[in-house]
Amino acid sequence: MELFFAQLLTGLANAATLFLVASGLSLIFGVTRIVNFAHGSFYMLGAFIGYSLMQVLPGMFGFWLSVLLAGLAVGVIGVIVEILVLRPVYKAPELFQLVATFGVILVIQDVALYLWGADDVLGPRAPGLKGIVRIMGEPVPKYDLALIAITPFFLFGLWYLISKTRIGILVRAATQDREMVGALGVNQAWLFTGVFFLGATLAGLGGAIQLPKGGADLLMDFNILAAIFVVVVIGGMGSLPGAYVAAALISILNVFGVTFLPQSTLVLMFVVMAVVLMIKPYGLFGREEVAGEHGQVGEPERPIKPAGLKVRLLVAAGLLLLALLPVFGSDFSQVLTSDVIIFCLFAASLHFILGLGGLVSFGHAAFFGGGAYVAALLVSHVDAPMEIAFLLAPIGAGFAAFIIGWLCMRLTGVYFAMLTLAFAQLIWSLVYQWGEFTGGDDGLVDIWPSAWLNGTTPYYYFTLVFGIGGILLLRHAAHSPFGYALRASRDSSRQAEATGINTKRIQWAAFTFAGSLAGLSGALFVFSKGSVFPTELEIARSFDALIVIFLGGVKTLSGAVVGGASLEYAKDFLTRFEYWRLTLGLIIIFVVIVAPEGISGTLRKVAERFGIIRQREGES
Amino acid sequence: MIEVKGIDSFYGKAQILSDLSFSIGAGEVVSILGRNGAGKTTTMKSIMQLVRPRNGSVTFNGTEVVGLPPYKVAKMGLGYVPEERRIFTDLTILENMEVGRQPARKGVPEWTIDLLFELFPNLSERRNNRGKALSGGEQQMLTIARTMMGNPTCLLLDEPSEGIAPVIVEQMAETIMQIKKQQLTVVLSEQNLHFARLVADRAIIIESGQKRFDGTFAELDAQPDIQEKYLSV
Ligand SMILES: Nc1ncnc2c1ncn2[C@@H]1O[C@H](COP(=O)(O)OP(=O)(O)OP(=O)(O)O)[C@@H](O)[C@H]1O
Ligand SMILES: [Mg+2]
């Protein structure tokens with residue numbers, strides 16, 4: 001009982017940070033409709049800046065002043081990001097901005113690396129709150145008690161700001177109808193900037209305030225990302241009390257998890273989220289979102305037509321070049337190109353559900369890594385021949401997509417995206433924590449192809465056949481009645497229903513199909529590397545594919561392929577430099593700003609202007 | 001007060017308004033009439049800069065507004081009441097009105113929440129109800145009240161009588177007459193000729209985004225063919 005109470009207190013103390021960061025995320029999303037992936041980076045910056053300030057500002061006063069200043073500094077950084085990066089792309093299709101925020105993550109990672117170095121930083125302890133207090137005989141750090149006491153003030157302050165002040169009223173009105181708020185004489189651009197400031201400040205405060213407990217390191221950004229998304233979703237988008245309750249729930253469960261079920265700590269959070277969403281699809285305190293409001297990806301596209309002769313010739317020439325690569329290219333170029341093809345297939349499979357289906361999945365890596373793990377587990381545990389393992393990988397990944405799809409399909413828009421992210425994290429944490437079976441962090445190694453595929457060139461051709469085959473299969477499906485029905489479900493689900501299409505079932509089938517092709521790319525991947533690690537299931541992997549699709553252009557499959565190839569080649573080139581993330585991040589932001597239609601959409605426009613391809617109807 | 005000169009407005013590639021010109025004098029109440037899809041709403045939005053005219057000019061008190069963001073146009077004293085109402089359903093009546101609040105303006109009497117509640121007693125009773133709990137007519141009153149909170153010198157009313165019971169329409173006409181007494185300029189888009197006649201001094205008829213008639217109601221009555229052709233009577 002004593003232990004129970006002490007742990008409850010630890011959980012509540014941990015909730016402070018989670019609540020601060022998550023409420024900022026929720027606020028930003030509520031008004032700007034931007035899913036700010038860079039929120040974890042703001043949190044990390046808050047920790048590092050707070051740490052540096054605490055080195056120069058002594059004493060108790062200096063400590064709390066540092067926390068405050070760190071928050072404000074991050075708020076200012078948030079404003080800079082909003083003005084420089086996001087303002088130019090507010091008009092871009094919804095969710096496109098998230099790619100820009102991903103670029104920001106990369107930039108901040110390298111800036112932090114440059115300024116604070118690669119080593120973890122031990123947080124200073126709060127002056128005056130260093131010791132412990134015994135509560136019912138159990139030791140409880142004084143700082144924990146301080147955090148527990150502070151959080152309600154933040155909650156109340158935020159609640160007051162949002163529900164009682166004019167600014168709060170404007171913010172809530174803008175959440176609902178930004179244009180109307182503008183037509184009533186409110187400069188919503190500054191409203192957005194203000195909200196971004198507040199949200200980023202909260203993240204920075206959260207980062208600085210947890211320093212005595214957790215310190216600062218370069219992995220903080222991604223480490224908290226999943227947790228704050230989970231908190232926001234469980235609590236309900238835009239609900240402050242919801243964020244607090246969810247943060248407390250998650251933190252407390254986590255503390256108990258560490259004590260009683262150490263194997264399950266990571267999994268637990270996602271299980272809770274999945275359960276909550278299945279019972280209350282909009283979170284504990286959330287309100288129903290208008291369907292289609294957030295799931296919109298771009299404007300209605302032009303009708304897809306079979307490719308023209310010139311395009312076909314171009315594709316044929318490209319394929320010929322790929323087929324002849326072993327004749328003139330080095331081993332290295334074949335390996336690199338295999339990686340590119342594998343990644344393109346992965347991205348193309350996501351494009352199928354995202355571009356055609358309008359289903360934004362944040363967790364597609366589950367099926368890529370899932371396929372890789374299915375094959376690897378079969379090889380290492382039952383000594384399955386490579387051919388069997390290779391065949392079962394897409395089936396296994398497809399099965400996973402079938403189950404996850406069924407669970408997620410009732411949600412739309414951002415909630416759907418979050419739930420897919422949660423399930424992907426669930427799979428990741430299972431693999432990561434179930435070491436005896438999956439190898440955990442050490443991964444599974446020695447997963448090589450059969451003898452007849454030994455060597456670079458044979459496996460290159462194998463990859464070429466299955467990779468390109470998979471992409472062509474996706475293309476074929478897009479032009480089949482199934483593909484048309486899928487697009488009809490995306491554009492106007494009600495009308496599609498009226499013509500007798502069961503939209504949910506179509507989308508579910510598409511999700512399964514895309515999952516199994518992602519599994520195929522995962523299987524190609526594992527046999528080409530000979531190993532697989534949990535990183536292949538990570539959020540960052542899912543984001544890679546998302547970025548590629550948005551950068552390539554959501555509207556076309558060729559976009560996913562062009563984008564995939566660009567990103568892989570760019571990464572290969574850039575990773576030779578020390579600050580490659582910074583460069584890649586800046587390139588991504590640049591592309592987002594100058595080419596909001598994506599690389600392939602912009603190329604198409606250029607090509608149309610110069611008459612290389614025919615202009616299509618309804619486009620200028 | 002408002003001078004519209006040769007504007008062309010588009011939605012994407014579709015041209016909705018072509019070479020539309022008219023002017024509204026200070027203190028006038030003018031009704032823009034036309035059938036469904038004639039371009040009335042687009043005209044309102046083109047003044048408000050919610051739709052940006054590709055050619056032509058719109059001036060308000062002599063200042064060019066084409067190219068300005070809508071919030072600046074609103075701050076100049078143009079009050080816009082949209083056809084679809086667009087009240088903030090999650091906000092209470094009082095909060096909705098707060099969103100529209102702007103400082104008092106020289107030359108027009110200041111509207112306060114109390115004055116507006118006098119004008120719209122129904123709203124007063126439900127002041128703490130959320131927007132989504134209001135009836136269609138109450139929502140329409142709220143949109144007008146919300147815009148009046150900005151103390152506009154000119155009011156753009158897009159089909160205020162649409163979808164409202166005749167009794168309330170009469171009431172609405174009454175209200176507009178009262179607003180008019182405060183020296184406000186009103187531009188009113190309407191399909192309901194009866195309602196327009198009740199409140200307006202002048203009629204502008206548009207069809208397919210072009211002006212077909214501009215004159216007083218007496219002049220309009222003298223040309224029954226125009227009514228027949230451009231208005232569904
Ligand atoms: N957002 C839009 N995108 C494309 N076309 C539009 C859009 N809004 C209106 N239109 C078209 O522009 C034309 C004029 O529309 P507008 O709304 O101005 O007409 P209106 O006179 O206000 O009609 P109503 O009496 O039905 O309100 C119509 O043909 C309509 O279909
Ligand atoms: Mg209209």
Side-chain angles (χ1 to χ4, degrees), chain A residues 27 30-31 87 90-91 93 159-194 236-240 242 282 285-290 293 298-302 597 608 615-620, chain B residues 10-14 44-45 47-52 54 68-103 105 128 130-132 142-153 155-156 158:
Chain A
L27 212 58
V31 176
R87 269 202 196 174
Y90 278 132
K91 292 242 167 66
W159 172 84
Y160 187 85
L161 180 74
I162 297 299
S163 39
K164 296 291 167 205
T165 64
R166 171 167 168 88
I167 295 199
I169 292 174
L170 294 182
V171 164
R172 278 181 290 136
T175 305
Q176 220 185 328
D177 189 345
R178 303 175 209 169
E179 192 188 51
M180 196 59 226
V181 171
L184 288 167
V186 178
N187 183 351
Q188 23 148 359
W190 286 107
L191 200 59
F192 278 29
T193 309
M237 288 281 182
S239 163
L240 287 171
Y282 297 97
F285 293 76
R287 259 180 265 129
E288 190 168 346
E289 301 273 337
V290 182
E293 197 176 11
E299 292 166 5
E301 67 198 313
R302 67 191 91 205
E597 298 208 22
E608 278 174 356
Q615 285 203 359
R616 311 222 173 162
E617 289 158 45
E619 276 293 313
S620 53
Chain B
F10 294 74
Y11 289 116
K13 259 200 155 181
M44 299 285 202
K45 288 191 172 173
I47 296 174
M48 208 55 212
Q49 299 308 303
L50 291 165
V51 168
R52 188 159 298 179
R54 235 175 253 181
L68 294 180
Y71 85 90
K72 284 200 176 154
V73 182
K75 282 199 161 166
M76 290 166 73
L78 264 167
Y80 171 63
V81 179
E83 177 176 22
E84 326 86 300
R85 302 191 182 131
R86 292 169 76 167
I87 58 164
F88 306 110
T89 47
D90 285 341
L91 273 57
T92 63
I93 287 185
L94 277 174
E95 288 172 337
N96 265 280
M97 289 168 72
E98 174 63 33
V99 178
R101 203 183 73 202
Q102 284 182 56
R105 232 174 280 276
N128 287 314
R130 284 184 196 281
K132 67 179 126 196
L142 178 57
T143 33
I144 297 178
R146 183 180 65 180
T147 302
M148 296 306 294
M149 284 295 288
N151 297 306
T153 53
L155 197 59
L156 306 175
D158 199 353

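Only this structure's heavy atoms are used, side chains among them; waters, hydrogens and symmetry mates stay out. Just so it is clear: chains get the letters A, B, ... in the order the sequence lines come, proteins before strands, and each one is counted from 1.
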Of all of B/K72, B/Q102, B/M76, which one pairs up most often with chain A through heavy atoms under 4.5 Å apart? B/Q102

What are the two closest non-hydrogen atoms of B/R101 and A/R166, and how far apart are they? O-NH2, 3.4 Å

Is the closest side-chain heavy-atom distance between A/Q176 and B/T89 below 4.5 Å? yes

Is there a side-chain contact (heavy atoms from CB on, under 4.5 Å) between B/Y80 and A/L184 once you walk through the steps? CA-CA 7 Å; B/Y80 171 63; A/L184 288 167; over 6 Å; no

Tell me, side chain or backbone of B/V99 under 4.5 Å from chain A's heavy atoms, or both, or neither? both

Nearest heavy-atom pair of B/A74 and A/G182: which atoms, and what distance? CB-O, 4.3 Å

Part of B/E95 within contact of chain A (heavy atom distance under 4.5 Å): both

Pair B/Y71, A/V186 - check side-chain contact (heavy atoms from CB on, under 4.5 Å), show working. CA-CA 5 Å; B/Y71 85 90; A/V186 178; 5.7 Å; no

Engaged part of B/T92 at the chain A interface, taking heavy atoms whose separation is under 4.5 Å: neither

Show, in sequence, the C-alpha distance, side-chain angles and deciding distance for A/M180 and B/R146, and conclude whether the side-chain contact (heavy atoms from CB on, under 4.5 Å) test is met. CA-CA 11 Å; A/M180 196 59 226; B/R146 183 180 65 180; 3.4 Å; yes

Identify the residue among A/I169, A/L170, A/T165 that makes a side chain to side chain contact (heavy atoms under 4.5 Å, CB included) with B/E98. A/I169

